[in-house]
Amino acid sequence: MPIEILMPALSPTMEEGTLSKWVKNEGDAVKSGDVIAEIETDKATMEVEAVDEGVIGKILIAAGTEGVKVNTAIAVLLQDGESADAMAVPKAAEKQAEAAGPKVEEAEKPTQQGSAAAPVPAQPKGEVAADPDIPAGTEMVSTTVREALRDAMAEEMRRDEDVFVMGEEVAEYQGAYKVTQGLLQEFGARRVIDTPITEHGFAGVGVGAAMTGLKPIVEFMTFNFAMQAIDQIINSAAKTLYMSGGQMGAPIVFRGPNGAAARVAAQHSQCYAAWYSHIPGLKVVMPYTAADAKGLLKAAIRDPNPVIFLENEILYGQSFDVPKMDDFVLPIGKARVHKKGNDATVVSFGIGMTYAIKAIAELEKDGIDVELIDLRTIRPMDLPTIIESVKKTGRLVVVEEGYPQSSVGTEIATRVMQQAFDYLDAPILTIAGKDVPMPYAANLEKLALPNVGEVVQAVKTVCYK
Amino acid sequence: MAPRKTASTSSRKTAAKPAKKDFTGGTIAEFSKEDDLHAYREMLLIRRFEEKAGQLYGMGFIGGFCHLYIGQEAVVVGMQLALKEGDQVITGYRDHGHMLACGMSARGVMAELTGRRGGLSKGKGGSMHMFSKEKHFYGGHGIVGAQVSLGTGLAFANKYRGNDNVSLAYFGDGAANQGQVYESFNMASLWKLPVIYIIENNRYAMGTAVSRASAQTDFSQRGASFNIPGFQVDGMDVRAVKAAADEAVEHCRSGKGPIILEMQTYRYRGHSMSDPAKYRSKDEVQKMRSEHDPIEQVRARLLENKWASEDDLKQIDKDVRDIVADSADFAQADPEPDASELYTDILL
Ligand SMILES: Cc1ncc(C[n+]2csc(CCOP(=O)(O)OP(=O)(O)O)c2C)c(N)n1
Ligand SMILES: [Mg+2]
């Protein structure tokens, strides 16, 4: 069978080009690797090499022809013993070229028609289990967030030999913020690993290990330094499952303190909740209480996906009740109603909850009964819980410490507006950090962060009070 | 001041390890009376300033992270002696000493530490983020390793403009493991950029001793695969630093490209104010202090050579203390920035 030589694409975006020159003529013998023609695009001139051996039987596109579509047959290559006369190729080639055209158009059609008519693939259902029942009479133990995180890691490491921790100062120093206290002593240096200060490198090492099925917990001393590693987090950890057609993913947890600490200024004070929540292929968890920190970190470690686990230095030392249970695991993707109420809904997460909690106590004095929702997971987001609340209250305020543009709050506002517009009695308000790098001066830092007064005022505004 | 070979005063390895023949390393510059008096005063200023900063931190006037330079004074003071107007300096967060050595005012630095409007960044940057265009000091960077690429960029600009200035990029033994350091090394060598990489090896990155984080602990060799020459220097001896600086500056100015100086030094205090420093023994610190202190070395020399009397030195000490006390007073009395500053300097 004669072989058709097709117009090649020289770049991912090339659709057509000029066949500027034939280097071989009809009747010439060619070996694979021989240059047979030159083609030109707006970007470059390239040589076309033969892939197969044979004799050029017929040139179908003359030198100098412009606008030759990719995949058009440009010549016919005869194999051993084949004759140019015997071949009915020209017609076939034309047909082929014709066929190639419409095909492309057809393929494009659905998208041109817009998504309305296009068969949109079903999104995965976001069914998330409810929090586990805590049996009556379960002992509650006052625990700091720091201890809860440590306990979660220790329990999972006891349970699963594939879980290990790595990061800067996690082992011998017992953690820069003492979250990994005692882990080296219990699990040894094989599983609790001090790294050099090489975030991009060790994040990649973690992802590589995870691709083989190990379950690394990669601690960033703070998430500010994860910016060194963000390429491996997004381009490798988040996308591998998709790119491999589901063959392999990265069961890895990236954790560490996130957001502003105190007076550590611009380069050390940023909230990354919105940043990572932008990325398909990641889960993003940001707990407030110690119980949530424990239950969700255990879930994150078991989760077969990359999970960004955003902690907060200021919360580390705060104590909360944690149920004393053998295996307390909470569902990722489920918000928690922190307090029931009827007049307005406030949604927050992480350290944002501290402002919200103080604000609703003040509002209660003014007779405003707020329902406070702790989002806990930023992605996947538990919108049903928020909407259910908004249906009741008709008013919504979102509180967070991150920057205001493209924030978690604006995301919630958009989706509630789209899905529960008829239930809203007031525009949704978002309280966020100010739109400035974090200043060092004490007075400016205070101004840059959200405050309780702003939350109180926003709730009053949506309640028209 | 011709370099002259002498026995090292340090028990640590300071032998020359030139990657190329034209580097001697390990030499000791001959200091005149004026040189020693200058070095003494400069180092003392940094020491006293840092002690005061530590004190103000304890009193709550300084917040956040505060990394003191005590013990490492000879490095910046010696390097600075080889520079000329227009040469640039960039470093990490342990930057107070570098700024004082660059001639930035003690008041400006201290008021930045307390977050006041008279601070070098109007109170907006804090301990880790200070800059001075006038003194060609490009920060003050909180992200470990970032200054290495930036410092390479300063050198790029010098070469681009065709001036003969050099840039000094200071970074730690811990920072030396960041990937961007090697990306920078490659470009600097490829493009023959006039940058001096000064690795301040103070033996620890936070709580991690060098040998626990580095496969190659001879940092002077870290440029080997990029053909960047480097040598180890006794960073506790200001004369050794000066001699190395002279050679390095000459190398860069004459168009031969980058060079690495590994300064073997020691930090006396914890990594930052909140570091209990349990990863090393008190004896280790005490030994460095009593046997290798950079200031004591100069002091002993001044007295031995009868270049200064005890009274002269007391007077210098008093002058330095006055400057530091004045800066501390200023930094406590100066008002906080105006609230309107919150939204300034974000975009032009
Ligand atoms: C990218 C990045 N990772 C981690 C940190 C936290 N951190 C600040 S200083 C430091 C140690 C650096 O040690 P070294 O480079 O030896 O400098 P030294 O503090 O000894 O002067 C670490 C890990 C940071 N600021 N930036
Ligand atoms: Mg160090």
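In what follows, chains carry the letters A, B, and so on, assigned in the order in which the sequence lines appear, proteins first and then strands, with residues in each chain numbered from 1. For the numbers below, each heavy atom of this structure counts, side chains included, while hydrogens, waters and symmetry mates do not.
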Parallel under 30°, tilted from 30 to 60°, perpendicular over 60°: which one fits the rings of B/H129 and A/H268? tilted

Mind running side-chain contact (heavy atoms from CB on, under 4.5 Å) on A/H200 and B/Q178 for me, showing each step along the way? CA-CA 8 Å; A/H200 197 202; B/Q178 281 286 33; 6.0 Å; no

Any donor-acceptor N/O pair, [X] side chain to [Y] backbone, under 3.5 Å:
X      : Y      : result
A/E172 : B/T208 : no
A/D194 : B/R212 : no
A/Y440 : B/L113 : yes

Between [X] and [Y], what is the shortest heavy-atom contact and its length?
X      : Y      : result
A/A265 : B/G125 : CB-O, 3.5 Å
B/A213 : A/P196 : O-CG, 3.4 Å
B/I143 : A/Q267 : N-OE1, 3.7 Å
B/G207 : A/E169 : N-OE2, 2.8 Å
B/G115 : A/A441 : O-CB, 3.4 Å
A/P439 : B/L342 : CG-CD1, 3.8 Å

Hey, is NZ on A/K358 packed in by over 12 heavy atoms from elsewhere, all under 6.0 Å? no

Tell me whether the count of non-hydrogen atoms from other residues, nucleotides or ligands lying under 6.0 Å of CD in B/E134 goes above 12.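 Atom CD in B/E134 is not packed in, count stays at 12 or less.
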
Name the region of [X], side chain, backbone, both or neither, that has any atom closer than 4.5 Å to a heavy atom of chain B.
X      : answer
A/Q228 : side chain
A/A448 : both
A/A261 : neither

With chain B as the partner, which of A/N224, A/D435, A/L444, A/T195 has the greatest number of non-hydrogen pairs under 4.5 Å? A/L444

Selection from A/T198, A/V264, A/I197 maximising heavy-atom pairs under 4.5 Å formed with chain B: A/I197

Roughly how far, to the nearest 0.5 Å, is the [atom2] atom of [Y] from the [atom1] atom of [X]?
X      : Y      : atom1 : atom2 : result
B/K124 : A/M438 : NZ    : CE    : 13.5 Å
A/R263 : B/C66  : CZ    : SG    : 11.0 Å
B/N177 : A/F202 : CG    : CZ    : 11.5 Å

Under a 4.5 Å cut-off applied to non-hydrogen side-chain atoms, are A/Y177 and B/S274 in contact? no

Flag the one option from B/T114, B/D275, B/D345, B/D338 with the top tally of heavy-atom pairs under 4.5 Å to chain A.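 Winner by heavy-atom pair count: B/D275.
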
Under the side-chain contact (heavy atoms from CB on, under 4.5 Å) rule, what do B/K278 and A/Y173 come out as? Steps first, then yes or no, please. CA-CA 8 Å; B/K278 285 193 195 138; A/Y173 198 77; over 6 Å; no

Region of [X] that comes under 4.5 Å of a non-hydrogen atom in chain A:
X      : answer
B/L347 : neither
B/Y279 : side chain
B/M128 : side chain

